Structure formats: structure tokens, C-alpha cells
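Basis for what follows: all heavy atoms, side chains included, without hydrogens, waters or symmetry-related copies. All values derive from a computational prediction rather than experimental measurement.
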Amino acid sequence: QILINKISQCDTCHGGGAEAGSQMKKCATCGGKGKVNETRRSIFGVFQSSRECDVCQGRGEVPEKKCQTCRGEGVLNKQENIKVKVPAGLEEGEMIRLAGLGEAVFGGQAGDLYIKIHIEKDNIWKRAGYDLVAEIKIKLTDALLGTDYKLETLDGPLVLKVPTGITYGEILRVKGKGVPVRGTSRRGDLLIRVTFSTPTKLSKQAKKLIEDLQGEGLYNGNLDKNKK
């Protein structure tokens, strides 16, 4: 729901410009024709033209008593609350068109209201088409042994299963939890890039454990990629 200032139809006279119970009468300026003829003289001769009557706005009649709210204009500038239904899957800068909710004109049809969409950035997720991309950082021990990592998604909390022995920069995919694809029941995926850091300072016990892992061929391989 948004609050905007715009020219809208008068709620008192419903756009007619007349006070309740007042009758309409012929416009004295244009004689009920809705147009005014003008004659101009120049060195080239006499030119005749017609234009819309400024008094009756081309209708040919005016109210006997003008509406006190809009002073007979039928429209006025006011604030209006408008409910906007935002469809799923919109992208940055897209426009939503609301027919008949634009600026109103006296004796005519209101225009359309166009709303430009700006999407607030998220601290975790970035959009890539219909997929959502994130990067998480886990402990080295969690990379070795596997872990559960909790993430907030469009559908609420998600517990991501990080498998044992995951490599640095490996991307885990969660299907069907991304951005809805408009016009279909399908959705994009979640793509989570997993990173971790290796310790720079080790206690004697930790160093021995790492050396044991190295002896088993578990440490010098893919887990050390982030040091390159």
C-alpha cells in the first residue's frame, strides 16, 4: 500500500462539479456548443479558429451552483492510499501499470498510474536470473567432517547439509527454492558457495593432528586450495 498525491475525482460531486441537487444550465460563454470561435486579423487577412471553451471545459453546460469542495472543477489534488499487488519474480526497474488510477481530468477518463519497482539489497542473497546466490564461511573442521548450516530463505529457515570433505569454493544447489518464474509454477534454485580458512597459528596438539591428517592424505589436497 502506498500513499501518493495526485489529481483525483471529487468525492462530493463525483466529478460533475455541481452541488448536490443543483441543475445544469447552458454555458453562457460558448452558448452550449462547448467551443469558442476566435477571429484574428493580420496583414495576410482574417483567420478564424475554434478552441475548447475554458468555462465549461467543452461540455456546453455548467452547474447553477458549483460544488463547494472542488469549486466546480470536478477534480482536486488530494492524498490517496493505493493498494499495489506486486507479482512474484519482478526484477529491478520493472514497471507495474494500474489502469484508471492516474491523474483525473474534468469530464474525462483518468489516466493510468505507473509504479517503478526498486528492490532492496539483501545481506545474504544476490539474484542471478531466477537463482539466488550466497556465500557461506565454515570452519575447517566442519569442512572435513561435514556440518549443518542454517540459512534464512524466501520460505523461512533452511538447514543446509554440508557434506564431509567439501572442497573450497564448492557450490551446493538447493533446487526449487529460488525466485518464482512468472507465468509458471517453477522456481529457480539456491546456489551456496562454501568457503573456509586454514589456521595460521597452531598449537602443538593441533599441529600434530594436521600432520596426522597429512599422513592420511586428507589435508594437502583440495582442502588447501584457498592458500593458493
Would you list the pairs meeting side chain to side chain donor-acceptor pair (under 3.5 Å) in which at least one residue belongs to residues 151-162, sequence neighbours left out? Asp148-Lys161, Asp155-Arg187
[Y] side chain reached by [X] side chain, heavy atoms, under 4.5 Å:
X	Y	result
Leu132	Leu154	yes
Leu76	Ile7	no
Ile96	Ile117	yes
Leu145	Thr164	no
Pro163	Leu172	yes
Leu190	Leu158	yes

State, to 0.1 Å, how close [X] and [Y] come at their nearest heavy-atom pair, and which atoms those are.
X	Y	value
Gly31	Lys26	O-CD, 3.4 Å
Asp11	His14	O-CE1, 3.4 Å
Thr195	Tyr168	CB-CE1, 3.6 Å
Gly17	Cys13	N-SG, 3.1 Å

Hey, quick one: are [X] and [Y] part of the same hydrophobic cluster, counting side-chain heavy atoms closer than 4.5 Å, chains of contacts allowed?
X	Y	result
Val86	Ile4	yes
Leu90	Tyr130	no
Tyr114	Val84	no
Val181	Val179	yes
Val174	Ile166	yes

Atom [atom1] in [X], atom [atom2] in [Y]: separation rounded to 0.5 Å?
X	Y	atom1	atom2	answer
Asn81	Ile2	CG	CD1	9.0 Å
Lys33	Cys56	NZ	SG	12.5 Å
Glu91	Ile119	CD	CD1	7.5 Å
Ile82	Ile115	CD1	CD1	6.5 Å
Ile192	Leu151	CD1	CG	6.0 Å
Leu191	Asp131	CG	CG	4.5 Å

Around atom [atom1] of [X], are there more than 12 heavy atoms of other residues, nucleotides or ligands at under 6.0 Å?
X	atom1	result
Arg186	CZ	no
Glu120	CD	no
Lys78	NZ	yes
Arg51	CZ	yes
Gln23	CD	no

Going by side-chain hydrogen bond (donor to acceptor under 3.5 Å, both in side chains), name the residues that satisfy it together with Gln79, two or more places apart in sequence or in a different chain. none
side-chain hydrogen bond (donor to acceptor under 3.5 Å, both in side chains) with Ser8: which residues, sequence neighbours excluded? Lys6, Glu80
I'd like to know if Asp122 pairs up with Arg127 as an ion pair, taking the criterion as any Lys NZ or Arg NE/NH1/NH2 lying under 4.0 Å from an Asp or Glu carboxylate oxygen. no
Any ion pair linking Lys175 and Asp189 (charged N to carboxylate O, less than 4.0 Å)? no
Sequence neighbours left out, cut at 3.5 Å: what donor-acceptor pairs do the side chains of residues 58-70 make with other protein atoms?
residue, atom, partner, partner atom, Å
Arg59, NH2, Gly16, O, 3.2
Gln68, NE2, Lys66, O, 3.4
Thr69, OG1, Thr12, OG1, 2.9

Look only at the side chain of Asp112 and the backbone of Gly100, and say whether a donor-acceptor pair between them is shorter than 3.5 Å. yes
For residues 133-142, dump all side-chain donor-acceptor pairs below 3.5 Å to protein atoms at least two apart in sequence or in another chain.
residue, atom, partner, partner atom, Å
Glu135, OE1, Arg193, NH1, 2.8

With sequence neighbours left out, the residues meeting salt bridge (Lys or Arg N to Asp or Glu O under 4.0 Å) with Glu92 are none
